[in-house]
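Just below is one structure, and these are the notes that go with it.
Only this structure's heavy atoms are used, side chains among them; waters, hydrogens and symmetry mates stay out. Throughout, a chain's letter reflects where its sequence line sits, starting with A, and its residues are numbered from 1.
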Amino acid sequence: MRAFGGLLLVVLIAQAPGVGLGAEDALEAEVRALAGELRCPVCQNLSVADSPSEMAKQMRDLIRERLREGDRPEAIRAYLVERYGEWILLVPPARGFSLLAWLVPFVGLGGGLAGAGLLLRRWVKRSPATLPGVDGVDPTYLTRVRQEVEERKWT
Amino acid sequence: MKRLLLAAGLVLLPLALLAFGLTRDPRVVPSPLVGNRAPDFTLQLFDGGQVKLAELRGRVVVVNFWASWCLACREEAEALEGIWRRYRERGVMFVGVNVQDKESDARAFIREHGKTYPNGPDFTGNISIAYGMYGVPETFVVDREGRIQHKHIGAVTREILEREIERLLGARGDRA
């Protein structure tokens, strides 16, 4: 019980600074969330949230400033898309040509599964017929082979 | 035979897409701004005063984004200044927007290259973001109606500036 009380105290202390910074933290989280969706213009495949470049910092400042002024994240995103094009979005929108990026993986997966299923079915169906068969073999050869196998067995 | 063709298609199509992707420069950012209204801005100039783009309506304006640390900006400095001096009499305006720079370095750059057209810093980066800029230097040519008619990425040359300015000056008579 005492251990539990101590733990509770630790948890409370750890959270205490967060109480005062609540609003700022929430704003920062929002800035990070939007910046994480944006492609940093001066980097290769890095988000505005992750890039240490001056340009990305200025973009984060702009996002923070506009959020403070009460702009909605969608409005800020739309503003940046208007200026940089959809290029700036790390996740392509699910329409137009970019829709391909969303569909192709699933089409590929579906096609692959269907292909594998078809092949499996064909193999299962064909297997009895293709086992070393006795159809169409001259019976005289057959008896001879059997005979020779029998002979070998005992020598 | 049919199956072979199908398999070849399945392999070749993604390969073709990949090959196409590799021919494209990942650093080139397509600008949706060309043909649209040039975002307005007010630039506080290094030597006092300010330039407001909206007040330059009726004139052909060249907006150049630069930084003192950028080599290509050094390369194009002479062309910009030369063409500015040649066309200022005909009402063409040049504006230099200094980005991601130190003020002392920027001033030294202006002195070194004898720039005489208005230059000012974009401390917050808001002007560069408004212009969808991703790297210096970038040059925008704005027509008399305030629409962006040309965007040049990298060091601009006399030939390009001349061609674009002449095109816009000729478009609706020379009023200057």
Q.
Using every non-hydrogen atom in the two residues, find where B/Pro32 and A/Gly85 come nearest and quote the distance to one decimal.
A. CG-N, 3.4 Å
Q | Heavy-atom pair of closest approach, residues B/Ala130 and A/Arg83 | A | O-NH1, 2.8 Å
Please check if atom [atom1] in [X] has more than 12 non-hydrogen atoms from other residues, nucleotides or ligands closer than 6.0 Å.
X	atom1	result
B/Glu78	CD	no
B/Trp69	CH2	yes
A/Arg144	CZ	no

Membership question, hydrophobic clusters at under 4.5 Å side-chain separation (ILVMFWY): are [Y] and [X] in the same one?
X	Y	result
A/Val31	A/Leu90	no
A/Leu80	A/Trp87	yes
B/Phe109	B/Val156	no
A/Met59	A/Val42	yes
B/Leu161	B/Met93	yes

What part of [X] gets closer than 4.5 Å to chain B, counting heavy atoms only: side chain, backbone, both or neither?
X	answer
A/Ile88	neither
A/Glu65	neither
A/Val81	backbone

Q) Checking heavy atoms, do the side chain of B/Ile129, its backbone, both or neither come under 4.5 Å from chain A? A) both
Q | Heavy-atom contact with chain A under 4.5 Å, split by part of B/Asp122 | A | backbone
Q. Counting distance only, does the side-chain N/O of A/Gln58 pair as donor-acceptor with the main-chain N or O of B/Phe123 below 3.5 Å?
A. yes
Q.
Please identify which of these residues, A/Pro41, A/Cys40, A/Cys43, meets the side-chain contact (heavy atoms from CB on, under 4.5 Å) condition with B/Tyr134.
A. A/Pro41
**Q.** Nearest-0.5 Å distance, CE of residue A/Met55 to CE of residue B/Met133
**A.** 4.5 Å
Q | Steps toward side-chain contact (heavy atoms from CB on, under 4.5 Å) verdict (A/Leu62, B/Thr124) | A | CA-CA 8 Å; A/Leu62 177 114; B/Thr124 60; over 6 Å; no
